[in-house]
Amino acid sequence: MGVPELLSGDGLRLDGRREGEVRRLTVELGTVSGADGSAYVEQGQTRVLVAVYGPLEPPGGGGSVYQSLLAASTAAALESCASAGRTPRRPGRRVHTMEIEENDEILDEGECAGVPEKPLRVLPPATAMGRVRCEYSVASFASAPASARAFRAQRRRQQQRHRAAAAAGDVSAPPDSTAGSASRPSKFERQSREAAARIRQVFEGVILSGGDARSGGTSRLMPPHAVVDVFVQVLQSDGGELAVAINAASLALVHAGVPMRGLPVACSATALPHQRKLVPAVDPSAWEMRQASLANTAMGGVPQVTVVTLPSEADDRMPLLYVDYQAATSLPEQPGIPPTRATGDLFEQVAHLAASVGCPQLHRVMHTAAVAHLGQELARREWSATAAFIAAVQ
Amino acid sequence: MRFEPLSLNELSFVLSSLPLRVDGRPLDGCRRLQLRHVGRYTVLAQCGGTQVAAQCRSAVRAPLPDRPTEGALRVEYTASPVVLERHGAVDGALAGRLREDGVLLESVLRQAPCVDLESLCIVSGQWVYEITVYVTLLDYDGNALGVASVAAAAALQRYARPVAEVQRGSDATTPPIRVYRPEERPPLPLTTLATPLILTAAVFFDDHAPDAPTLFAMDPLYVEECASHSRLVIAYDVRGERLLAVRKGVGAHAATTSLAALRACLERAIEQARPWAAALDAVTKPPSGTATGLPSIPLARVSRPDAPQRTDTLPTRPPPAPASIASPPAGVDPPHPRSPSSSSSSVDELMDTVQPTRLRGSASRARRPR
């Protein structure tokens, strides 16, 4: 039995898509009624539900604004230069005054001078660095039977280990601990944590926290000490879970009314082997990925990329916000090692397909859904603005 | 030691002097890398103010049930308490960033693949080697991940794992194995398939003019990293000339870039990786003739033709191979258990001191200059 042809003679994949077509996207906002914002996204057979709670008071109590700024700035990551600007460790400094002074400066310059002459300015980032918490979990029924079997086997191994530890007299190991061993978490836990870290990284930079002039006065809704919780639940995984989760999270944040710089749209892509060469294809399903890596084990698997873009309303550019490209995993056995140009070319082709071909299709559906939701909200709250708004949008 | 956070003046100096860099390098220029072996086990990588030490260790354990023929490779990436205190006081997320960098380093080394995991198998399904690379950040001045990856790759290339042998003749289902110490049997080097390097660039973009090109500063300093808007990480295999992974973070300013700029940066970064790859190759070539990591043991002297005559007077010495047989390979012949495995002169001295009484003839032969 030969390897199934992933691309037919007409260039159709096995589910009838072309290589530049994403799977059918279904979006539903407001699925979880108890959450501040929620979204349920189905992209092909991948189903992800995201619930967002926020902006909230931080769990340690509100405290003073100084305390929250201290907490916020110490939790800021490498890229934040505002922690240097705010310098919370000097107790003599009045942080509020410093902020207000800076705001006045920026407003004056912005109004009078237009584009400032120094192109790159050190501005405190109006982002929620360190104030977005994400939890990512994959339901145990979510994936194909093979990985469900592996998951159950891993659970069985954990229980055996705990039983052996208990028999040996070590009662300190809790029986319900999800960690396989004391220091090394299980593979599934590690993957969940990595996915949660990536989603958090993307939205920390995108959510506006207010407090500087460019955020347009959103500080009332999202004060600098507020925290946003994002809970991602993958109900069915069929490839591209991270991209679908990011799309669902952006829609859930729109539903919650959390201010963002834009609507981040994520798309995944890979390159399928077809007649001895690799053809870039967007939004692969899990089956396609598995068949492609099996077929291509001699060449070393297939590359995968997940790209998050921030589409701007003004033009059709798709600036890349987050790129995660992973090339083929094993060493190619061909004696003629392809030169560096080839591997850079493959990265560019696959990333270009994801960003400029896949993302606009997804963005169209997501944008329409978000705007329709906003229209409904307005219709519920303000009768007079409804007709004008809907006329403007359509 | 108090360490103040960087002031706005310093950060805006970095930003306003772009595309020039603070230390005068071009945008694509990397600092000079000094890579050397310290002692018997450690590789020390120094690049400007960033210093990383890497050591390897092996353990023997049972393999994973779904991969019975593969060994394991682990990376423990930590920072010394001085670095944690100095930089962590200001930058509260340093520990989290180190953890993420450790995960990235481990996945790059595993997927390169740096070490052939199948060669680490002793008994399929029962005993495999687990190689752990301990990478410690000793001093931090930007680009810790890049220097750490060079140190880890050099440590893996130079490391030699102890030899393990299955003890036959037992009825247990799990045959016991015996792991020989390096003094008993010289260790074997690992089979390295690829040499992955991680290159880091700091991304600067202009929020006010989105059409302005994004600037990528390779091998950033600490000030540049603090002032940057996000970070680009490129994993590249220098031996096979393959691109392994590209990761561009989001950063505090939601730095966006275009694909063309990213691609151009990739090309330039790969060019700049060559001096680092050359430094890696120059250092990890083991000295010819000896087992890696061990000082030279004068095994050649044991198999000399006049040696059997001398050893008749040394009852404690194990008998060497007779002169008719060619000198045995270095791996089989165990050295003298009393020799401290240091230079040849001390072995001769030891042999002389052990034998106070010697025949005249052999004494003259013993005293013959070698």
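First the proteins, then the strands, lettered A, B, ... as listed; each starts at 1. Excluded from the calculations below are hydrogen atoms, water molecules and symmetry mates; all remaining heavy atoms, backbone and side chain alike, are included. Computed from a prediction, not measured in an experiment: that's the story for all the values here.
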Pairwise side-chain contact, B/Arg99 with A/Arg193, heavy-atom cut-off 4.5 Å (strictly under): no
As a quick check of understanding, evaluate side chain to side chain contact (heavy atoms under 4.5 Å, CB included) for A/Glu348 and B/Leu259, giving each step before the final call. CA-CA 7 Å; A/Glu348 192 184 6; B/Leu259 189 58; 4.1 Å; yes
Region of B/Leu262 in contact with chain A, defined by heavy-atom distances below 4.5 Å: side chain
Verify, without hydrogens or angle tests, whether B/Lys248 (side chain) and A/Leu321 (backbone) share a donor-acceptor contact under 3.5 angstrom. yes
B/Val103 vs A/Glu194, test: side chain to side chain contact (heavy atoms under 4.5 Å, CB included). Steps then yes/no. CA-CA 9 Å; B/Val103 169; A/Glu194 275 181 42; 3.4 Å; yes
Output side-chain donor-acceptor pairs under 3.5 Å for residues 191-202 of chain B, partner residues at least two apart or in another chain, one line each.
unit_1, atom_1, unit_2, atom_2, d
B/Thr191, OG1, B/Ser119, OG, 2.9
B/Thr192, OG1, B/Arg239, NH2, 3.1
B/Thr195, OG1, B/Gln157, NE2, 3.1
B/Thr195, OG1, B/Arg239, NE, 3.3
B/Thr200, OG1, B/Asn143, OD1, 2.9

Of all of B/Ser258, B/Pro65, B/Ala235, which one pairs up most often with chain A through heavy atoms under 4.5 Å apart? B/Pro65
Contact part of B/Glu100 toward chain A, heavy-atom cut-off under 4.5 Å: side chain, backbone, both or neither? side chain
Regarding B/Arg263 and A/Asp345, does a basic nitrogen lie under 4.0 Å from an acidic carboxylate oxygen? yes
Which region of B/Leu266, side chain (C-beta onward) or backbone (N, CA, C, O), has a non-hydrogen atom less than 4.5 Å from a non-hydrogen atom of chain A, or is it both or neither? side chain
Side chain, backbone, both or neither: which part of A/Ala351 has a non-hydrogen atom closer than 4.5 Å to chain B? both
All N/O donor-acceptor pairs, side-chain side in residues 264-271 of chain A, below 3.5 Å, sequence neighbours left out:
unit_1, atom_1, unit_2, atom_2, d
A/Thr270, OG1, A/Pro303, O, 2.6

Atom CZ of B/Arg67 with >12 non-hydrogen neighbours under 6.0 angstrom: no
